[in-house]
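These notes concern the structure reproduced below.
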Amino acid sequence: MEVDDEIIKPKENEEDIRKPIVVILVGAPGSGKSTFCDHVMQVSTRPWVRVCQDTIGNGKAGTKAQCLAISSISLKDGKSILIDRCNLDKEQRADFIRLKESHQVDVHAVVLDLPAKLCISRSVKRTGHEGNLQGGKAAAVVNRMLQKKELPKLNEGLTRITFCQNENDVQEAINTYGALSSSDVLPSGIFGEKKTDTKVQLGIMKFLKRVDAPSKVSSDKAIPEPSNVAINENHHANECQEKSGTCTLGGVPTLAFPSISTADFQFNIEKASEIIVETVEEFVNKIGNGRLVLVDISHGSKILSLVKSKAAIKNIDPTKFFTFVGDITKLHSGGGLHCNVIANAANWRLKPGGGGVNAAIYDAAGPDLDIATKKRAGSLTPGKAITVPLPSTSPLFSEQGVTHVIHVLGPNMNPKRPNCLKDDYNIGCKVLREAYSSLFENFASIVRTQKKSSYYELSNCDQKVRREDGACVNEKNKKFKGSIEVSESNNLYSVDGKQNATSSGKKGGSLNKDWGSWAQALHKIAMHPEKHKNDVIEILDDVVVLNDIYPKAQKHLLVVARAEGLDWLANVSQEHLPILKTMHDVGVKWARTFLKENQSLVFRLGYHSAPSMRQLHLHVISQDFDSKHLKNKKHWNSFNSPFFRDSVNVIQEISEEGKPTLNDDEKFMSMELRCNRCRSAHPNIPRLKSHITICKLPFPANLLQNDRLLQNAPDKDANAC
DNA sequence: GTTCTAGAAC
DNA sequence: GTTCTAGAAC
């Protein structure tokens with residue numbers, strides 16, 4: 001475990017000396033939790049209390065409530081706590097993490113993620129175990145528990161997570177915690193490389209990249225310099241291991257930035273887009289493995305579209321720079337994009353409020369950002385940027401993984417705002433260029449600092465994936481080549497890299513498609529529905545409705561256009577807007593009918609970018625995906641990747657641009673399997689299916705927008721809970 | 001679209 | 001040995 005675990009010694013007279021901490025041990029029976037506690041307590045000068053559920057009832061097994069009560073009393077007494085119970089899932093840990101609020105302490109997790117075989121053999125062999133888990137039954141219990149293992153993440157509210165995969169890691173963690181005096185604190189973030197003990201899915205591996213987080217002295221004292229820690233990341237990482245759908249380790253350092261000066265400061269968008277692209281081009285190779293992402297909250301954003309096309313012309317590496325539609329304060333939770341650094345279009349006083357991005361970022365970050373900013377500077381000159389490390393107490397840090405905010409001030413062309421340049425674009429362009437240069441330079445500095453001290457270097461295994469046995473496998477040898485990245489306008493993802501040319505950016509493509517003989521069924525039904533009365537459930541002038549004969553969910557209808565020559569979306573143009581609206585309305589009508597019968601259903605309406613069956617058909621499908629016919633990755637991804645084009649978006653695109661976007665690249669079919677609600681990744685279809693039957697988390701924000709999902713209002717509220 | 005099946009993965 | 005994937009055939 002190559003970690004920078006240097007203990008941070010508080011300065012003399014510093015407040016919060018003797019601040020206790022809570023350390024939650026996470027591990028199966030036999031993983032060595034009790035031994036860990038014993039060793040730490042033996043060597044530490046800090047007062048510790050071991051809270052062991054196996055012995056808390058006068059030496060016998062007790063309850064979680066008892067553990068919490070003892071913890072609470074001990075914390076009040078100024079003692080640090082070692083929670084010695086399995087804590088293998090998020091729910092089990094949650095109550096202990098809540099001690100953070102009630103006692104104003106930091107909560108750490110130490111994950112004893114030792115090989116299952118070792119835990120089992122220890123459990124089977126041991127005698128006199130406090131929890132009476134030993135002998136033959138131990139193996140079954142350990143196995144069952146490990147099946148449900150859900151590794152901790154920072155966004156659960158943890159300040160620091162240490163992963164231990166072997167005895168050396170465990171010893172190192174013991175040394176770290178054992179060496180803590182009463183007043184010492186440890187840096188925050190994730191430590192320790194996680195290795196899998198289950199099958200590694202290549203598609204998932206593509207997402208595994210790294211990112212670093214700032215250190216933290218204590219919950220209310222952010223140290224000024226960024227440091228050396230890796231942050232948990234669930235969606236975008238180059239290298240990490242996957243288990244039970246919980247992907248860990250970091251992603252590439254990524255800066256999300258809004259377009260500077262083009263909103264309230266009324267800077268010309270065309271000129272601004274030119275400057276963005278030119279400055280990006282200049283910096284894109286100076287930011288190491290970092291990425292730059294231009295973010296705008298509005299669909300159909302002109303600045304995004306201008307920048308996108310200009311970047312394409314300049315051939316800027318789309319894996320290093322791309323655009324993203326979404327709320328810059330919710331990129332991780334709302335769009336699955338992890339950006340460890342975000343830029344703020346600040347005002348010159350560096351004050352919260354005022355509207356736009358500045359207000360949104362300060363609102364989302366809470367008072368921590370204002371406090372941290374004020375420590376750095378009181379004002380900002382146009383063209384300059386300043387980095388502010390975000391304390392981990394900020395929700396932007398804990399919920400979105402944002403570790404730094406870079407305030408940047410651009411030129412103002414709005415006479416109603418201070419320092420208006422009165423349309424002097426000679427100066428304006430110069431200042432805007434300086435602003436972006438300064439922003440990117442600040443980001444590059446963060447990347448350099450983190451790279452220098454990162455615990456986990458990719459250099460030896462770059463562009464490779466780590467197999468279970470630890471060997472690095474060149475991904476060029478693998479079939480999965482797409483590097484699916486991030487949300488773009490209508491979808492949760494677009495494909496980065498060269499795939500863009502043939503997928504999300506594609507308009508139409510070849511109109512003719514070779515349809516196999518087996519692909520004609522829908523066409524035949526559409527042309528002669530009266531001959532297929534057993535199949536169709538409604539016949540209208542323009543459409544027929546039928547149940548999909550291989551439904552991929554509890555309810556799965558097809559609304560089929562009856563027009564000859566309208567085989568698929570590529571054949572659709574402005575003149576077909578009425579039929580598309582009719583198809584949509586008929587689909588909505590049927591969805592509402594089903595919703596009356598079963599209020600728990602949620603429906604989504606959309607088209608496959610490259611359907612297998614001839615004749616344009618709209619899928620009306622409930623989002624439970626509870627079906628024996630959903631058997632493979634293609635089935636899942638055809639409804640849960642950008643390949644699936646929401647009807648509302650198709651209609652919008654045709655209205656505005658005359659053609660729909662087709663995300664028909666085969667790469668979408670190879671995407672890793674992610675839950676359509678919580679976006680957790682799963683190694684195979686059976687595991688995914690078992691997960692989606694129990695996952696009740698809300699749907700991602702982008703799906704909840706624009707009426708993409710149809711559901712009953714009460715259910716909508718329930719989902720949001 | 002599905003079914004079948006070889007062979008990879010576990 | 002069993003589970004799972006992915007390509008070929010239809």
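Residue numbers start from 1 in every chain, and the chains themselves are labelled A, B, ... in the order their sequence lines are given, proteins ahead of strands. None of these values were measured; they are calculated from a predicted model.
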Side chains of A:V620 and A:H556, heavy atoms from C-beta outward: is any pair under 4.5 Å? no
Let me know the distance between NE2 of A:H635 and P of C:dG7, rounded to the nearest Å. 14 Å
Hey, does A:L522 reach any base, or is it just sugar-phosphate, or nothing, if we go heavy atoms under 4.0 Å? nothing
Is the shortest side-chain N/O distance from A:K689 to OP1 or OP2 of C:dC4 below 4.0 Å? no
Measuring only between side-chain heavy atoms, which start at C-beta, is A:R562 closer than 4.5 Å to A:I539? yes
Do any side-chain nitrogens or oxygens of A:H629 fall under 4.0 Å of OP1 or OP2 in B:dG1? no
Is A:R677 positioned over the aromatic face of A:F699, cation under 6.0 angstrom from the ring centre and no more than 45 degrees off axis? yes
Nearest-Å distance, CG (A:L688) to P (C:dT3)? 19 Å
Could you tell me the separation between the CD1 atom of A:I549 and the C1' atom of B:dT2, rounded to a whole number of Å? 9 Å
Within-4.5 Å side-chain heavy-atom neighbours: A:L522 and A:L558: yes
Within this structure, what is the NZ-to-C1' distance between A:K633 and B:dT2, rounded to whole angstrom? 20 Å
Min side-chain heavy-atom separation A:L630-A:K689 under 4.5 Å: yes
Rounded to whole angstroms, how far apart are CH2 on A:W568 and P on B:dG1? 13 Å
Please tell me which of the listed nucleotides, C:dC4, B:dT2, B:dG1, lies nearest to the side chain of A:N684? C:dC4
Whole angstroms only, please: what is the CH2-P distance between A:W518 and B:dC4? 17 Å
Interatomic distance where CE belongs to A:M669 and C1' belongs to C:dG7 [whole Å]: 16 Å
Could you check which of C:dC4, B:dG1, B:dT3 has an atom nearest any side-chain atom of A:K631? B:dT3
Interatomic distance where CD belongs to A:Q615 and P belongs to B:dG1 [whole Å]: 14 Å
Is the ring of A:Y550 stacked on the base of B:dG1, with centres less than 5.5 Å apart and planes under 30° off? no
